[in-house]
Undergrad: 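Would you mind keeping the following structure in view while I ask a few things?
Here the structure is a predicted model, which means the values were calculated and not measured. A, B, ... follow the sequence lines: proteins, then strands. Residue 1 opens every chain.
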Amino acid sequence: MPELPEVETIRQTLKQLVIGKTIDSVEVMWPKIIQEPDDSHQFGQSIQHQTIRDIRRKGKFLLFDLDQYVLVSHLRMEGKYGVHPAEEAVMDHTHVIFHFTDSTDLRYRDVRKFGTMHLQEKGTEATKKPLLLLAKDPLEADFSLMKFTEKVQKSERNIKNILLDQSVIAGLGNIYVDETLFLAGIHPLTKGVSLTTEQILKIKEAAVLTLQDAVKQGGTTIRSYVNSQGQIGMFQQQLNVYAQNDKPCHHCEDTITKIKVNGRGTHYCPSCQPQPL
DNA sequence: GCGTCTTCCTGTAAGC
DNA sequence: TGCTTACAGGAAGACG
């Protein structure tokens with residue numbers, strides 16, 4: 001599932017393929033993907049004749065900078081973009097097709113139909129949902145450790161849940177939260193309020209290391225993630241705990257354990273990440 | 001205000 | 001073999 005490193009990989013590869021291309025028309029096969037404007041017909045009309053100037057990333061969101069608009073796209077679990085010749089057969093689960101004036105298409109596929117798109121006027125995107133409450137991601141230069149520490153320490157929630165909250169820290173999903181907590185040596189059920197400033201610094205540093213490494217490897221491939229050129233990510237070969245349940249820990253040989261935390265599969269090493277008191 | 005639960009979806013794997 | 005069921009999960013909205 002695309003988290004920050006996967007979205008960043010997609011951004012980099014997609015940029016080479018679509019910058020400077022002008023949208024001739026749009027086909028929306030599953031209107032629920034389009035969250036804004038309400039009417040997908042209006043979405044198509046607004047985006048027509050717009051040229052893609054840049055592609056940015058905020059947390060796990062892809063931002064397509066157009067002339068007058070910004071297309072804010074979230075891939076959720078299985079969303080993917082691909083660039084294809086217009087005459088090529090359309091694959092199953094393709095829900096939105098952007099037809100370019102040069103007879104190529106940008107196609108959005110999403111088996112589970114969880115992905116979202118918001119088309120917003122340029123310059124307003126940071127003041128509206130879904131980006132409004134989004135925190136900085138730990139790779140951003142202006143990520144504030146102080147703000148992050150404050151939010152964690154005032155929360156009664158467990159740290160697994162807190163790190164999945166995009167208004168506290170952006171970019172982490174289920175895979176990288178488990179990996180981050182392993183590196184930091186923190187049990188996923190530890191309450192935010194009980195963590196020391198030093199432990200929170202450790203978590204932030206572990207998140208940076210995990211994410212940087214995963215970006216270098218082109219992301220993690222669990223089941224279905226491929227970047228926009230169809231290559232698979234390599235980071236899954238370096239996973240310490242995620243999907244490693246019942247295997248020995250690389251560090252101590254203890255058995256990686258899987259539990260459910262707030263409905264999410266959660267993996268940890270009982271020795272490296274001791275249970276909170 | 002805060003925390004938890006439910007909902008949206010469908011392919012895959014397990015169980016019978 | 002074929003059917004049913006559980007499971008995977010990001011984020012918004014409902015609810016206590």
Undergrad: Taking CZ from A:Arg112 and P from C:dG10, how many angstroms apart are they, rounded to a whole number?
TA: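 For the pair A:Arg112 CZ and C:dG10 P, the rounded distance is 10 Å.
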
Undergrad: Do any N or O atoms from the side chain of A:Glu179 and from the backbone of A:Val241 form a donor-acceptor pair under 3.5 angstrom?
TA: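 Confirmed, A:Glu179 side chain pairs with A:Val241 backbone.
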
Undergrad: Between A:His74 and C:dG10, does any side-chain N or O lie under 4.0 Å from OP1 or OP2?
TA: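 Indeed not, no polar side-chain atom of A:His74 lies that close.
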
Undergrad: Any chance you could measure A:Lys129, atom NZ, to A:Gln120, atom CD, to the nearest 0.5 Å?
TA: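 Nearest 0.5 Å value for the NZ-CD distance: 11.5 Å.
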
Undergrad: If the threshold is 4.0 Å, N to carboxylate O, is there a salt bridge linking A:Lys160 and A:Asp178?
TA: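 Salt bridge flag = yes for A:Asp178 with A:Lys160.
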
Undergrad: Could you state the atom-to-atom distance from NZ of A:Lys80 to C1' of C:dG10 in whole Å?
TA: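 Interatomic distance, NZ of A:Lys80 to C1' of C:dG10: 15 Å.
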
Undergrad: Taking only side-chain nitrogens and oxygens of A:Tyr242, does any of them come within less than 4.0 Å of OP1 or OP2 of C:dG9?
TA: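 Yes, within the criterion.
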
Undergrad: Passes ring-ring contact (aromatic ring centres under 6.0 Å, His included), A:Tyr81 versus A:Phe64? Steps please.
TA: CA-CA 12 Å; A:Tyr81 282 102; A:Phe64 293 81; 5.4 Å; yes

Undergrad: In whole angstrom, give the distance that lies between atom CE of A:Met77 and atom C1' of B:dT10.
TA: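 Taking atom C1' of B:dT10 as the reference, CE of A:Met77 is at 11 Å.
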
Undergrad: When the distance from CD1 of A:Ile162 to C1' of C:dG10 is rounded to whole Å, what number comes out?
TA: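 So the CD1-C1' distance, A:Ile162 to C:dG10, works out to 18 Å.
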
Undergrad: Could you tell me whether the side chain of A:Asp110 and the main chain of A:Gly115 form a donor-acceptor pair under 3.5 Å?
TA: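 At least one qualifying donor-acceptor pair exists.
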
Undergrad: Show your working on ring-ring contact (aromatic ring centres under 6.0 Å, His included) between A:His267 and A:Phe182 and close with a plain yes or no.
TA: CA-CA 9 Å; A:His267 313 74; A:Phe182 173 80; over 10 Å; no

Undergrad: Using atom CG of A:Leu164 as one end and atom P of C:dA8 as the other, report the distance to the nearest whole Å.
TA: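 Value for this atom pair: 14 Å.
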
Undergrad: Classify the side-chain pair A:Gln12/A:Glu8 by whether it contains a donor and acceptor separated by less than 3.5 Å.
TA: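 Side chains of A:Gln12 and A:Glu8: pair found under 3.5 Å.
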
Undergrad: Hey, what's the ring geometry for A:His74 with A:Phe61, parallel, tilted or perpendicular (30° and 60° as the breaks)?
TA: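 Answer is perpendicular, since the angle exceeds 60°.
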
Undergrad: State which of C:dA8, C:dA11, B:dG11 makes the closest approach to the side chain of A:His93.
TA: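 The answer is B:dG11, which lies nearest to the side chain.
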
Undergrad: Mind calculating the distance between CD (A:Glu6) and P (C:dG9) to the nearest angstrom?
TA: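 One finds 13 Å between P of C:dG9 and CD of A:Glu6, rounded.
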
Undergrad: Does the A:Lys60 side chain pair with the main chain of A:Ala170, one donor and one acceptor, at a distance under 3.5 Å?
TA: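 Not a single qualifying donor-acceptor pair exists.
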
Undergrad: Heavy atoms under 4.0 Å is the rule here; annotate nucleotides 2-8 of chain B 5' to 3' with B where the base is hit, S where only the sugar-phosphate is, and - elsewhere.
TA: SSS---B

Undergrad: Nearest of C:dG10, C:dG13, C:dA11 to any side-chain atom of A:Glu3?
TA: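 It is C:dG10.
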
Undergrad: Any side-chain N or O of A:Lys60 under 4.0 Å from OP1/OP2 of C:dA11?
TA: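 Checking C:dA11 against A:Lys60, a side-chain N or O does come within under 4.0 Å of OP1 or OP2.
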
Undergrad: Would you mind reading off the distance between A:Asp165 atom CG and B:dG1 atom C1', rounded to a whole angstrom?
TA: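 Between C1' of B:dG1 and CG of A:Asp165: 14 Å.
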
Undergrad: Between the side chain of A:Lys113 and the main-chain N/O of A:His95, is any donor-acceptor distance below 3.5 Å?
TA: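 Side chain of A:Lys113 to backbone of A:His95: no pair is present.
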
Undergrad: B:dC9 C1' sits how many Å from A:Glu78 CD, rounded?
TA: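 After rounding, the reported distance stands at 10 Å.
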
Undergrad: To the nearest 10 degrees, how far apart in direction are the end axes of the helix from B:dC2-C:dG16 to B:dC16-C:dG2, each fit to five base pairs?
TA: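 The end axes of the helix from B:dC2-C:dG16 to B:dC16-C:dG2 are about 60° apart, to the nearest 10°.
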
Undergrad: What's A:Lys258 touching, base or sugar-phosphate or nothing? Going by heavy atoms closer than 4.0 Å.
TA: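 Sugar-phosphate, backbone atoms only, no base.
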
Undergrad: Between A:Gly265 and A:Pro130, who's closer to the 5' end of DNA chain C by nearest nucleotide?
TA: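 That would be A:Gly265.
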
